[in-house]
Amino acid sequence: MKVLLTGASSFTGTWFARELRAAGHDVIATLQGGCDGYVGVRAQRIALLREAGVALVEQCSFGDDRFLERIRDGVDAICHHGAQVANYKSLDFDVVGAVADNTRNVRRVIEAATQRGVSAIVYTGSVFEQDEGLGPEPRRAFSPYGLSKGLSWQVFRYWGEQLGAPIHKFLIPNPFGPYEEPRFCAYLMGRWSKGEVAQVGTPAYIRDNIHVSLLAASYRDFVGRAANSATPLRYGPSGYIESQGQFALRFAREVGLRIGLKAELSFATQTEFLEPEMRVNVDRPSWAALGWNESLAWDELAGYYRATYLAH
């Protein structure tokens with residue numbers, strides 16, 4: 001298939017694009033900026049995309065004229081993975097502005113896709129949206145960013161139903177792996193590489209941490225299934241469903257042993273729960289069917305962290 005993908009410079013987007021290419025699909029990835037403007041880990045991802053043979057379209061955003069031109073040129077699937085994420089952790093996150101960006105000209109996009117015979121439109125959602133995943137009721141959005149993702153999905157679903165075009169939804173939990181932004185796993189590695197003890201501040205939260213390679217394999221499979229389905233599909237692959245404290249112990253065991261680090265942990269006594277105590281995906285991917293190997297994924301991650309933190 002020829003796949004038009006947004007959000008390819010993101011952590012998960014880069015993995016999705018490379019996985020689709022490895023499966024033999026042509027991937028056209030739109031970038032909101034120019035390639036020269038990406039720095040740090042995002043620049044590394046751009047290099048990975050080029051190495052994989054992904055066609056990069058610079059200065060192109062979802063719904064703008066250049067994006068619509070790509071649809072009219074002929075594609076088989078549209079995968080809208082990109083989203084407005086600036087200041088995403090803040091309560092001041094611009095929900096309305098994000099929804100406007102995420103859904104710009106969505107009606108025209110779906111109309112163009114229908115006219116050109118596009119086989120699938122896939123929207124990427126988050127388990128941290130309102131009313132998604134498994135957890136205590138009410139399943140509220142985790143943040144204004146999560147709220148914007150849920151509202152954007154409602155806009156997509158509305159226009160898909162109005163125009164008779166099935167919109168398929170792929171839900172992301174907590175991915176981790178090589179080339180991610182500095183988050184929890186990077187914090188752990190940063191402390192351990194200095195011989196320090198890493199503290200887990202919220203060990204009681206039950207989350208769904210998934211290897212990004214397993215997530216990408218699941219996405220590749222989902223896009224293929226969506227292209228052959230006349231009805232909307234939903235899929236939320238899950239990984240390790242456990243407390244953050246248990247996941248930290250798992251990470252220490254798997255990565256620490258492979259690298260040869262003394263991966264020590266301490267655990268705070270969690271008394272505040274500003275987020276839902278539990279939120280996880282509900283679909284269990286078949287590792288065998290996807291051709292995915294857990295041990296190899298840990299090997300790859302350990303190699304990445306060894307090169308990143310211990311190569312000096």
Side-chain angles (χ1 to χ4, degrees), residues 7-23 40-49 51-52 81 127 172-203 205-221 237-265 280-281 284-312:
S9 69
S10 69
F11 166 46
T12 48
T14 297
W15 277 87
F16 289 0
R18 294 164 69 214
E19 182 71 21
L20 289 166
R21 279 293 298 141
V41 71
R42 282 189 176 265
Q44 290 180 290
R45 294 179 196 146
I46 294 297
L48 290 170
L49 293 171
E51 182 181 322
H81 181 64
V127 75
I172 291 183
N174 269 17
F176 67 97
Y179 304 104
E180 69 178 312
E181 277 81 8
R183 294 169 52 190
F184 182 58
C185 295
Y187 159 74
L188 296 177
M189 282 301 307
R191 298 300 295 267
W192 294 337
S193 66
K194 298 175 183 177
E196 300 172 350
V197 177
Q199 184 180 60
V200 182
T202 55
Y205 279 142
I206 297 175
R207 295 292 181 259
D208 189 347
N209 294 286
I210 186 170
H211 284 278
V212 69
S213 55
L214 176 58
L215 185 72
S218 299
Y219 187 80
R220 174 252 303 160
D221 178 72
S238 63
Y240 302 121
I241 296 176
E242 58 196 358
S243 72
Q244 285 297 88
Q246 290 171 319
F247 174 70
L249 289 169
R250 179 190 298 273
F251 189 86
R253 180 175 67 251
E254 298 289 353
V255 175
L257 286 176
R258 282 171 167 81
I259 296 179
L261 282 176
K262 189 176 182 181
E264 293 186 291
L265 294 163
V280 300
N281 266 343
R284 300 294 297 181
S286 169
W287 297 358
L290 294 173
W292 184 80
N293 184 286
E294 181 185 24
S295 181
L296 290 179
W298 283 117
D299 289 345
E300 182 179 22
L301 182 58
Y304 172 78
Y305 279 130
R306 183 185 296 110
T308 302
Y309 288 90
L310 305 177
H312 310 311

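Count residues from 1 along the sequence.
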**Item:** Which residues share a salt bridge (charged side-chain N to carboxylate O under 4.0 Å, His left out) with Arg18, sequence neighbours left out
**Value:** none

**Asked** With Ala22, which residues qualify under side-chain contact (heavy atoms from CB on, under 4.5 Å), at least two apart?
**Response** none

**Request:** Quick one: list whatever passes side-chain contact (heavy atoms from CB on, under 4.5 Å) with Ala23, sequence neighbours left out.
**Result:** His25, Arg220

**Prompt:** Can you name the residues that form a salt bridge (charged side-chain N to carboxylate O under 4.0 Å, His left out) with Arg191, not counting sequence neighbours?
**Reply:** Glu196

**Complete:** Residue set satisfying side chain to side chain donor-acceptor pair (under 3.5 Å) with Glu242, at least two apart, ordered chain then number -> Arg250

**Complete:** OG1 (Thr14) and CG (Leu49) are apart, to the nearest 0.5 Å, by 4.5 Å

**Request:** Report yes if the side chains of Ser218 and Trp292 come closer than 4.5 Å at any heavy-atom pair, otherwise no.
**Result:** no

**Fill in**
Sorted by chain and residue number, the side-chain contact (heavy atoms from CB on, under 4.5 Å) partners of Asn209 (sequence neighbours excluded) come out as Asn174, Phe176, Arg207, Gln244, Phe247

**Asked** Taking C-beta and beyond as the side chain, do Phe11 and Val212 meet within less than 4.5 Å on heavy atoms?
**Response** yes

**Prompt:** With sequence neighbours excluded, what pairs up with Tyr187 under the ring pair (Phe, Tyr, Trp, His ring centres under 6.0 Å) test?
**Reply:** none

**Request:** Write down the atom of Pro173, the atom of Pro237, and the distance for their closest heavy-atom approach.
**Result:** CG-O, 3.5 Å

**Asked** Which residues satisfy the side chain to side chain donor-acceptor pair (under 3.5 Å) test with Tyr240, sequence neighbours excluded?
**Response** His211, Glu294, Trp298

**Request:** Could you list the residues that satisfy side chain to side chain donor-acceptor pair (under 3.5 Å) with Arg45, not counting sequence neighbours?
**Result:** Glu181

**Prompt:** With sequence neighbours excluded, what pairs up with Glu300 under the side chain to side chain donor-acceptor pair (under 3.5 Å) test?
**Reply:** none

**Fill in**
All heavy atoms of Arg183 vs all of Pro175, minimum pair found to be NH1-O, 4.0 Å

**Prompt:** Could you give the distance from OG1 (Thr12) to CD1 (Ile172), rounded to the nearest 0.5 Å?
**Reply:** 4.0 Å

**Cys185 versus Tyr305, closest heavy-atom pair with distance** = CB-OH, 3.4 Å

**Request:** Could you grab the distance from atom CD of Glu19 to atom CG of Leu214, nearest 0.5 Å is fine?
**Result:** 10.0 Å

**Item:** Partners meeting salt bridge (charged side-chain N to carboxylate O under 4.0 Å, His left out) with Glu180 (sequence neighbours left out)
**Value:** none

**Asked** Just how far is it from atom OH of Tyr309 to atom CH2 of Trp192, taken to the nearest 0.5 Å?
**Response** 11.0 Å

**Asked** Just by modelled atom types, is the Ala52 backbone N or O under 3.5 Å from a matching donor or acceptor in the Arg21 side chain?
**Response** yes

**Distance (rounded to the nearest 0.5 Å) between Asn293 CG and Asp299 CG** = 8.0 Å

**Separation between CD1 of Ile259 and CE of Met189, rounded to the nearest 0.5 Å** = 4.0 Å

**Message:** Could you report the tightest heavy-atom contact between Leu188 and Ala198, atom names first, then the distance?
**Reply:** CD2-CB, 3.6 Å

**Asked** If only atom types and distance count, is the side chain of Asp208 paired as donor or acceptor with the main-chain N or O of Gly239 below 3.5 Å?
**Response** yes

**Prompt:** What residues, two or more places apart in sequence or in another chain, satisfy ring pair (Phe, Tyr, Trp, His ring centres under 6.0 Å) together with Tyr219?
**Reply:** Phe16, Phe170

**Nearest non-hydrogen partners of Ala263 and Gly256, listed with the distance** = CB-CA, 4.2 Å

**Request:** Mind running side-chain contact (heavy atoms from CB on, under 4.5 Å) on Phe184 and Val200 for me, showing each step along the way?
**Result:** CA-CA 9 Å; Phe184 182 58; Val200 182; 4.1 Å; yes

